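Have a look at the structure below before the remarks.
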Amino acid sequence: MNPLQWTLISLLFFTSAIAQTFKNVDSHPKFPCEPPHFSSYPFCNVSLSIRQRALSIVSLLTLPEKIGQLSNTAASVPRLGIPPYEWWSESLHGIADNGPGVSFNGSISSATSFPQVIVTTASFNRTLWYEIGSAVAVEGRAMYNGGQAGLTFWAPNINVFRDPRWGRGQETPGEDPKVVSEYGVEFVRGFQEIRKKTKVLKRRIGDDEVVVDNRHDDDGDGKLMLSACCKHYTAYDLEKWGNFTRYDFNAVVTEQDMEDTYEPPFQSCIRDGKASCLMCSYNAVNGVPACAREDLLTKARVEWGFKGYITSDCDAVATIFEFQGYTKSPEEAVANAIKAGVDINCGTYLLRHTQSAIEKGKVSEEQVDRALVNLFAVQLRLGLFDGNPREGRYGKLGSSDICSSGHRKLALEAARQGIVLLKNDHKLLPLHKNHVSSLAIIGPMANNISNMGGTYTGKPCQRKTLFTELLKYVKKTSHVSGCSDVSCDSSSGFGEAVAIAKGADFVIVVAGLDLTQETEDKDRVSLSLPGKQRDLVSSIAAVSKKPVILVLTGGGPVDVTFAKTDPRIGSIIWIGYPGETGGQALAEILFGDFNPGGRLPMTWYPESFSKVAMSDMHMRADSSRGYPGRTYRFYTGPQVFKFGTGLSYTKFDYKIISAPVTLSLSKLLPLPSHKRLLLQHGEEQLRYLQLDDLMVNSCESLRFNVRFSVRNTGEMAGSHVLMLFSRMPPVLSGVPEKQLIGFDRVHVRSGETIKTEFVIDPCKQLSVANDVGKRVIPLGNHVLLLGDLQHSLSLEF
Ligand SMILES: *[C@@H]1O[C@H](CO)[C@@H](O)[C@H](O)[C@H]1NC(C)=O
Ligand SMILES: *[C@@H]1O[C@H](CO)[C@@H](O)[C@H](O)[C@H]1NC(C)=O
Ligand SMILES: *[C@@H]1O[C@H](CO)[C@@H](O)[C@H](O)[C@H]1NC(C)=O
Ligand SMILES: *[C@@H]1O[C@H](CO)[C@@H](O)[C@H](O)[C@H]1NC(C)=O
Ligand SMILES: *[C@@H]1O[C@H](CO)[C@@H](O)[C@H](O)[C@H]1NC(C)=O
């Protein structure tokens with residue numbers, strides 16, 4: 001969301017809505033179905049089904065009352081006892097006040113600020129992702145009880161981090177569609193699910209094999225603790241670059257990339273996460289604005305089983321006419337969006353133009369009714385119409401459940417697990433507490449908490465900087481900024497920085513990005529460190545007694561090849577935007593109180609990549625036009641750090657215990673179809689099988705296990721992220737270099753060997769989209785890759 005944009009277009013209408021809100025608060029109920037007057041409506045009767053109740057509300061509304069529901073700031077319906085409702089609350093990595101639904105102006109003045117999503121993702125720990133979703137939901141419900149938040153939140157952001165310059169790449173779970181999908185599912189489940197106190201979480205290692213007993217307890221009619229939103233659907237990953245803006249950008253996407261990069265996270269978020277909201281994006285997809293793509297929005301409901309409401313991004317209905325010029329009038333934009341399946345508009349466009357669109361015959365009242373049933377159904381599932389929220393299941397949650405020690409510890413855990421050690425020459429780290437008499441920490445971000453959260457940060461519970469936390473380890477720690485800010489336009493502060501560096505035992509330089517470089521509505525142009533930051537790092541490295549420790553901030557990758565190759569820079573650590581406990585996590589890692597195990601969820605490209613047009617959505621390389629491709633799956637050019645890079649203070653060895661050598665796919669088809677398929681193909685040898693629905697249903701029987709052991713051969717206990725990739729035979733065009741087919745984070749004590757396994761579904765993990773966007777399984781030799789180990793698996797038919 002872009003508050004400025006939103007404000008500009010909506011100011012007039014929003015202020016009038018607020019005025020109305022306050023008027024109603026005085027003379028009307030605080031919650032729907034408030035006894036004694038308003039509890040007798042059929043929609044308040046909890047023994048009826050959600051759908052019956054939703055239909056009942058809609059049947060009682062007049063057309064103007066209906067239209068009043070179509071904005072994020074939904075109007076009250078005083079005669080039915082329905083107060084106004086604000087749909088727009090944010091919770092990307094903690095409750096945040098970017099939308100009007102959340103306020104920290106009240107008895108609750110802060111909420112736990114977890115690390116930015118890209119950092120949490122780097123832990124590759126599904127349990128952690130789920131637990132953060134749950135913790136944020138508890139704080140959200142508590143803030144709702146205090147009148148400081150809504151029940152509908154617009155997170156997670158599950159667009160794939162396609163281009164390293166993207167200002168919102170930090171908000172996403174990285175560049176791999178499988179990782180993005182799984183993060184989305186865990187967060188949404190943690191956030192939405194009604195939890196039973198007795199619930200036992202039982203998980204098994206391996207892809208898709210989350211064996212958990214009653215996590216799908218949906219308590220009857222799909223009851224929700226809170227509502228999460230999969231955004232932004234789809235192919236949205238450009239803010240403002242060159243002449244392009246997200247408001248008018250047309251993402252030209254091939255069917256192949258659509259099927260195996262852009263769609264999977266949304267499919268999983270809806271089908272497996274059971275998210276109750278989907279947000280369509282500003283951009284057009286192949287010429288049609290995303291919020292007018294009836295085919296895509298219908299696919300979500302019909303094929304993926306979406307049950308929930310579809311919201312536009314803020315003013316993304318207005319942009320259909322005003323920025324995209326896709327329709328001839330505002331009414332047509334409104335009609336297009338509603339008919340495509342949009343149920344509510346963030347902004348006021350539907351409020352303003354729906355009446356006239358109906359009068360002009362562009363859209364019918366029945367179509368508006370469909371939208372309203374979807375909207376009220378979600379509110380009903382949230383318990384909004386079940387009476388006094390204070391007496392409900394979550395009624396007791398309050399300020400003591402916010403910034404609780406458990407939540408802050410979880411935030412700390414996320415930062416610890418997500419921080420990535422990228423270089424550690426001659427075991428410079430960890431530092432030995434008793435052998436460090438003095439430290440210097442240099443850089444504009446070293447003592448500034450406001451840079452530590454990334455976008456969508458609310459009001460953190462605590463405000464401790466990197467510098468403050470280091471002081472706890474070494475009393476004699478000094479700090480200077482070196483550069484006045486992250487843009488670092490001047491070297492006038494270098495002298496002072498060099499002076500403290502010379503005097504210290506060990507020196508830490510904090511460099512990288514903050515939100516002045518990358519944020520919503522702002523992409524980067526270059527991948528290098530901003531301004532004179534590189535000179536600062538090198539000047540310090542030239543004078544310090546020992547090799548320096550370089551700490552990098554920011555969500556997007558930076559080209560630090562100079563530091564990687566400079567022996568005077570001994571260690572490099574990426575902390576991203578580590579949230580309110582990032583300082584403590586970094587200090588613990590520097591001094592060996594925590595052994596780092598995070599791994600990069602995105603490729604770090606060299607500066608030369610900035611020649612590639614950001615507007616080019618192709619994932620696959622095309623040598624005929626010098627296009628290098630994107631992400632570790634398709635890019636083969638030079639890299640600064642690869643996807644999955646991450647060191648530890650200890651060493652891990654792998655052994656494959658068992659994995660099949662051949663796999664017959666004959667089971668996939670009944671005999672007659674075998675024949676048809678072979679005949680159709682017209683070649684002597686079949687090179688791949690096209691998966692159709694029939695086949696996918698029989699895939700389960702082909703699942704196989706890859707069993708292996710991991711041994712910690714070093715001296716320190718540590719957690720390790722296992723990543724199993726596969727490389728398929730290049731029997732059709734656009735086959736990836738390799739793709740991640742399983743990941744898991746395990747803890748292994750020094751000297752210990754643990755056994756573990758991945759369960760592989762060949763239809764899902766060993767398939768790829770062909771050039772018309774159909775999934776196929778290549779036959780022949782697939783290579784499974786685990787660290788340096790390779791295992792050949794022949795797929796036969
Ligand atoms: C609620 O609905 C049930 C089922 O239709 C019905 O039996 C009951 O009388 C209703 N209760 C009230 C208070 O209307
Ligand atoms: C906070 O709320 C108080 C009381 O409602 C109000 O007077 C004050 O203006 C609000 N402050 C802000 C910054 O919104
Ligand atoms: C932006 O537009 C200008 C004028 O139309 C054009 O000269 C320039 O090449 C465009 N830049 C990009 C990056 O497309
Ligand atoms: C911290 O950083 C923010 C954002 O760059 C800046 O506005 C603020 O002035 C900085 N604060 C200090 C104390 O340097
Ligand atoms: C995964 O995260 C959970 C929650 O923080 C933690 O308890 C567990 O130890 C982590 N697993 C590993 C292997 O690090």
Side-chain angles (χ1 to χ4, degrees), residues 33 35-36 38-53 55-56 114-115 120-135 183 186 190 201 203 205 210 221 385-387 406-419 443-455 457 463 465-468 479-489 493 510 512-519 522 530-531 553-554 577 581 585 594-599 646 648 650 652 710 712 717-722 743-749 752 754 756:
C33 301
F38 297 112
S39 51
S40 55
Y41 289 109
F43 60 76
C44 300
N45 185 342
V46 294
S47 14
L48 299 175
S49 74
I50 293 289
R51 188 170 166 79
Q52 283 171 317
R53 295 170 72 190
L55 286 168
S56 151
F114 292 89
T120 294
T121 304
S123 72
F124 287 88
N125 183 340
R126 293 179 183 85
T127 313
L128 177 72
W129 300 342
Y130 180 88
E131 285 180 5
I132 289 178
S134 306
Y183 174 88
E186 295 296 336
L201 268 182
R203 307 176 143 262
I205 295 182
V210 189
D221 238 345
F385 289 78
D386 293 351
H407 291 176
R408 291 163 71 171
K409 183 156 177 292
L410 190 62
L412 173 63
E413 200 44 46
R416 285 169 174 163
Q417 294 187 31
I419 289 176
M445 287 152 290
N447 197 26
N448 190 334
I449 184 69
S450 69
N451 292 307
M452 287 297 126
T455 53
T457 296
R463 309 187 63 82
T465 67
L466 305 180
F467 171 53
T468 333
H479 161 256
V480 299
S481 290
C483 310
S484 58
D485 56 18
V486 169
S487 316
C488 195
D489 298 320
V510 184
L513 311 173
D514 72 354
L515 300 185
T516 62
Q517 308 297 311
E518 51 169 8
T519 190
K522 185 179 174 89
T553 61
Y577 295 107
T581 53
F594 189 85
N595 187 354
R599 296 178 71 170
S648 165
T650 187
F652 299 94
V710 193
N712 181 345
S719 287
H720 182 62
V721 178
L722 298 151
F743 64 87
D744 202 29
R745 184 178 175 108
V746 294
H747 188 81
V748 196
R749 289 193 300 268
E752 186 190 24
I754 62 155
T756 184

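Start at 1 and go down the list; that is how both ligands and their atoms are numbered. These numbers come from a predicted model, not from an experiment.
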Run through all N or O atoms in ligand 5 and write down each protein N or O closer than 3.5 Å, as a pair with its distance.
residue, atom, partner, partner atom, Å
ligand 5, 2 (O), N125, OD1, 3.4
ligand 5, 2 (O), N125, ND2, 2.3
ligand 5, 2 (O), Q417, NE2, 3.3
ligand 5, 11 (N), N125, ND2, 3.0
ligand 5, 14 (O), S719, OG, 3.0
ligand 5, 14 (O), R745, NE, 3.0

(request) Give a yes or no on whether the backbone of C33 and the side-chain of S39 come within a donor-acceptor separation of less than 3.5 Å. (result) no
(request) State the atoms of ligand 1, each with its element, that fall below the 4.0 Å cut-off from a heavy-atom position in S47. (result) 1 (C), 2 (O), 3 (C)
(request) Please confirm whether R53 makes a cation-pi placement over Y41, using NZ or CZ under 6.0 Å from the six-membered ring centre and within 45° of the ring normal. (result) no
(message) To the closest 0.5 Å, what do you measure between OG (S56) and CG (N45)?
(response) 9.5 Å
(request) Could you tell me which non-hydrogen atom of M445 sits nearest to which non-hydrogen atom of M452, and how far apart they are? (result) O-CE, 3.7 Å
(request) Under 4.0 Å from a heavy atom of D514: give me the atoms of ligand 4 that qualify, with their elements. (result) 5 (O)
(request) Indicate yes or no for a side-chain donor-acceptor contact from T519 to the backbone of K522 under 3.5 Å, with no hydrogens or angles considered. (result) no
(message) Please tell me whether D514 and T516 have a donor and an acceptor in their side chains that are separated by less than 3.5 angstrom.
(response) yes
(message) Taking 4.0 angstrom as the limit and counting only heavy atoms of S450, give me the atoms of ligand 4 inside it, by number and element.
(response) 1 (C), 2 (O), 3 (C), 4 (C)
(request) Hey, could you give me the NZ/CZ distance between K409 and R416, rounded to the nearest 0.5 Å? (result) 6.5 Å
(request) Return yes if some donor-acceptor pair links the side-chain N/O of N125 with the main-chain N/O of R745 below 3.5 Å, else return no. (result) no
(request) Please work out whether any backbone atom (N, CA, C, O) or any side-chain heavy atom from C-beta onward of L515 is under 4.0 Å from ligand 4, and answer side chain, backbone, both or neither. (result) neither
